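Heavy atoms only: backbone and side chains are in, while hydrogens, waters and symmetry mates are out. This structure is a prediction, so every number in the text was calculated from the model and none was measured.
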Amino acid sequence: MQNPIFKSLPQSVSHSLFSPSLTIVVPKRRTARAMPCTSIVESSDGNGAVRSFKLKESTFLAAQMPKKEIAADRFIEAHPEYDGRGVIIAIFDSGVDPAAAGLRVTSDGKPKVIDVIDCTGSGDVDISTVVKADENCCITGASGASLVINSSWKNPSGQWHVGCKLVYELFTDTLTSRVKKERKRRWDEKNQEAIAEAVKQLDQFDKKHTKVEGAHLKMVREDLQNRVDLLRKQADSYDDKGPVIDAVVWHDGEIWRAALDTQSLEDESGCGKLADFVPLTNYRLEQKHGVFSKLDACTCVLNVYNERNILSIVTDSSPHATHVAGIAAAFHPEEPLLNGVAPGAQIVSCKIGDSRLGSMETGTGLTRALIAAVEHKCDLINMRYGEPTLLPDYGRFVDLVNEVVNKHRLIFVSSAGNNGPALTTVGAPGGTSSSIIGVGAYVSPAMAAGAHLLVEPPTEGLEYTWSSRGPTVDGDLGVSISAPGGAVAPVPTWTLQRRMLMNGTSMSSPSACGGVALIVSAMKAEGIPVSPYTVRKALENTSIPIGALPEEKLTAGQGLMQVDKAYDYMQKVQNLPCVWYQVKIKQAGITSKPTSSATSRGIYLREPLYCHQSTEWTVEIAPKFHEDANNLDQLVPFEECIELHSTGEAVVRAPDYLLLTHNGRSFSIVVDPTNLSDGLHYYEVYGVDSKAPWRGPLFRIPVTITKPSIVTSRPPLISFQGISFVPGQIERRFIEVPFGATWVEATMRTYGFDTARRFFIDTVQLSPLQRPIKWESVATFSSPSSKNFAFRVEGGQTMELAIAQFGSSGIGSHETTIVDFEIAFRGINISKEEVVLDGSEAPVRIDAEALLSTEKLVPSAVLNKIRVPYRPIDCKLHALSADRDKLPSGKQILALTLTWSFREVKTGNMLKTSLVKDDNKTWYNIELLLERNGVLHSEHLVHSLNTLHKADSLKSIIVYNCRVHAKGDVYPESSKLPKGEYTVQLYLRHDNVQYLEKMKQLVLFIERKLEEKDIVRLNFYSQPDGPLTGDGSFNSSDLVPGVKEAFYVGPPAKDKLPKNSREGSVLFGPISYEGGKSLQKNPASYQISYIVPPIKLDEDKGKSSSDTKSVLERLEEEVRDAKIKILSSLNQGTDEERAEWKKLSQSLKSEYPKYTPLLAKILEGVLSRSNIEDKFHHFTEIISAADEVVASIDRDELAKYCALRSDPEDEATEKLKKKMETTRDQLTEALYQKGLALAELEALKGESTVDKVDMFEENFKELKKWVDLKSSKYGILSVFRERHHGRLGTALKVLNDMIQDDGNPPKKKFYELKLSLLDQIGWSHLVAYEKQWMQVRFPSSLPLF
């Protein structure tokens, strides 16, 4: 799933999103507006529709939180005790703030929010490290900070579990931006003070030394100037990555407690100390929460999991969950008109929006949320996330939802989506899953006037223009019911306001959910069995239809829900069986439908073939009972005589009656659309209990027909002239895209108005086993004019064109907008949609043909990306903890972690990752969270991957020293990586070990964009031998309809391939055949790829020049080198191993005295030692070893040789050159290491001696002869030298230059040295800043999945 379904803007401008629409215009002749309505002041029909009115204060406040529209206010007025009491709603969303207005208590005084859970793991902190306090009650936190424990905290074991977290990882982007702004303001004040002091010191120096002479004074002044420059540059490069908070967890003898140290967030000294934090336990135990600081005002909840090894710090990832919870159940005793729909209901907050992924929902989060909903015995679930789907009513999450609905009787309500106004835009799972009640977004005139503040609200209640429409691709209605899709509701405290206006199906879903909570509250109080089957039937059969035409059901479902009528219905059917009537449909005579699904839930005739002939369909009705139904008492006696009805018998014919038993029954339906006019037509076949017709339809079979207009003109052109629009109106046209068309060029002309007009323009095509192909645009016309569009289409399939005028556009103008829309179909048909060059020298033939009109064939292709394959180097399978990852069925979820490694050879490359199965057919793009020192995270409901459609979730990380470098999601975006070695980890969860076992050899592809200089431009030829001879170049041709043109695309020249294109890599890019547009912008571009072949063998490899040395001499050298190799391989981890190493090194030195390579290896051995206790002796030994290396080299001879130029064609000279270069490198390394050791010795003593200073200066000058001491490697000695002389500003400048110029990731010791220099110079604000960055650059451990 991709995005939360909501539309929101700050209240002052959110009315611009108000786009009410209910009019569905099919053929031009048939136009209808929404249902009739009356005034809410003079009279009302219960849905808030009005003709004319003026708001009063009470009606204005009521419009902020609409309840009248669904009769919730009437119901509570009649049944004040049934206001949601006894009902628990699970909010699957971004996390509810339990401190928000209206979410403290219920109407009967109970805690409103009974649990707050982060199901994603985004707030997880590793607390497996255990420490003990010293005699002063001090411990060392995971961040390295010294923390004081509150002496009153009980901890019988004395064990304190510690962890830490970057606080910005817990905040939303909006909150982070606000906190950063305030922290930057405070930091700037301190930095300005430091700049003022530095400028003052420089000014004093200049006044004292009017003429600066001598090297010493010049360096002193340079140092003072460097200090000023550094402070100014720091202000420009300031990047606040946020403070680190320490977490401490302990067991008080009864339960686990946790506390946070947030001093790094506080500006005032002494605030935010660990000891002052009021300890919290898991929220469900005490319903208590905390706040990080006054600055952020962000509520947090602490939960301990995984056998005390994980602390979950729960915050919200966006304000929307709190808003949703407020709509469903807020209680404001001081202002009842602002109450949510069910103020007596309680809430369980299940955060499924991952803070690491911008509130993207995750498979882990969804699964854990379902587990929590069952564990807390929730009655309802509300979810507002959704996206287009490949297959409706399918996938791992749908399977789990079916289980909780059918077995545990939870009622699942979800938003239908915000992707309208075109048809078949409902999102998954809310609009595509049979077990979920999908809710469309409705707006009443009162809402338009009171919440959206429109001067002239519409006179009728409407669906919002952007509310998603049905049917699903398998013919189901898609939208079940509608509810108000906007409200002014509570938001989290960190927003610094109590409530906010938002609109979307994200708001209609909790409105409906709150309404259902009222019904369930009454049912539970009256002892009526609660079943999601009967509740849904009650909602659908008692809703008020929106609109006069049957087609309106595709927009609004069965209509606007009515709480009171639905409850009356439930009272009447309480003694009847709780049954869901499952509908499965197959076309008679064929094994599968055009959508490639064996069965469907409705009949959807969309393509031309099915709209011009009569078809017969087999319908199976299967009654489904809950899992706890009794065979003898419920299943065996079940028998109903069903009377079948068709809403359009001239088109859809069905039998009159059906005798239905528990085992189900099949019957036939005949659909004959041949006499229908072009456009949209909707019918239903529904079954009614002949003995109790008052029950209404027990099941419905939707029949949707979109009969397209046929384009007969050549060249193919279709025009819709003089379409009239008023605010909120939608016009639809269905067109059969001619065979051979591959793209469209459209023109929209507007006239007849004087104020700006804004339009949605959508086109949708359906293609088997693909998500709906949708193109969309928003066009604004400030005055009568025209706009052009171009987009890709598929020939032979129906295309819907939907044009809608924004509901807020043109209000008050009273002028009708006139639109002309012209569509020209263009197309070049090719024999290969995806061209693959297999790595051989052979070209690939392509046949092109224009079927519609003469087209200019201008082929163009480039290879601008590379995809490199990697095999896993490790895989680990383990069971997850039972407290969060045990399914309601009792099955334990397992996790598989796959590991790959790769090297990024150049900083700044743009990367993506993909996975491919071994069959090399199914690609699965995963999102990227690239880490520098860090991690890549990925999450997806993997039903789109065939063999993984049952997987619980998939995550991945790229690791480099544990630091997060960039983030992405399942729709991958390229990210830049510095060069270095990386490890990729993929994390898969499932309860079936067999699925995970099959994933152990997944191939990872790293995708890079090529630099401009590496892009390969391919050539085209008119003959197959063109690539070989270089003749017969093919540039362009005129394609005449009916005549094919053949040409060839040649492989790239091997010397043109990018350097990093190893064997098995795939170079790919776009290929297009129509000129006039760039490859990237061409709407009809395809993909071409080239498989990199094996590298040509080097014929000269293995050959060597003649060696003048004797066999004995060569043997002695081989023996010597073997001995040195053995010395290098020895470990020095223990005293015994170190003694053996010393013994061998002394022996070799006596055997090969003055042999520089040996002495260099001995120096390396000394440097490699770890866990040094006597550091003074160690550094002295390094100096001694370095001196031996230096003494073994004739520096005069080396200097003479380095000044000479060698002949590269002379093998002997080249060999000598390499030897001398190696000797030079050994010399400079020895001098460098000696300088470092001398500096460390001085630091250890705490004071400098003349001898050591002279030695350092002498060594420094010698090294300066051979290397650039300002380079990233050797500059550290310049830093030590400047620091010794007190020139700290210059030392910092040199160090900063080293860090910035180093192509490799800077080492931790550089930043530690920088911290030391800043502390010594007295810039405390920069010390604090760099300490925070140390936690970002060098985290202590990998982040948790």
Any side-chain donor-acceptor pair under 3.5 Å between [X] and [Y]?
X: Asp97; Y: Thr322; answer: no
X: Ser415; Y: Ser509; answer: no
X: Asp393; Y: Ser434; answer: yes
X: Asn406; Y: His626; answer: no
X: Thr106; Y: Arg85; answer: no
X: Asp316; Y: Ser94; answer: no
X: Ser359; Y: Tyr385; answer: yes

key: Partner set under side-chain contact (heavy atoms from CB on, under 4.5 Å) for Ala247, not counting sequence neighbours   = Leu260, Leu311
query = Parallel, tilted or perpendicular: which describes the rings of Trp160 and Trp250, with under 30° parallel and over 60° perpendicular?
reply = tilted
request  = Give every residue pair that meets the salt bridge (charged side-chain N to carboxylate O under 4.0 Å, His left out) criterion with at least one member in residues 400-414, sequence neighbours excluded.
outcome  = Arg409-Asp628
Run the side-chain hydrogen bond (donor to acceptor under 3.5 Å, both in side chains) test against [X] and tell me which residues pass, sequence neighbours left out.
X: Asp118; value: Thr120, Ser122
X: Thr176; value: none
X: Lys624; value: none

query = Hey, is Arg884 close enough to Asp124 for a salt bridge, meaning N to O under 4.0 Å?
reply = yes
key: Pair Lys351 + Asp93, salt bridge at N-O below 4.0 Å   = no
remark   = With sequence neighbours left out, the residues meeting salt bridge (charged side-chain N to carboxylate O under 4.0 Å, His left out) with Lys165 are Glu169
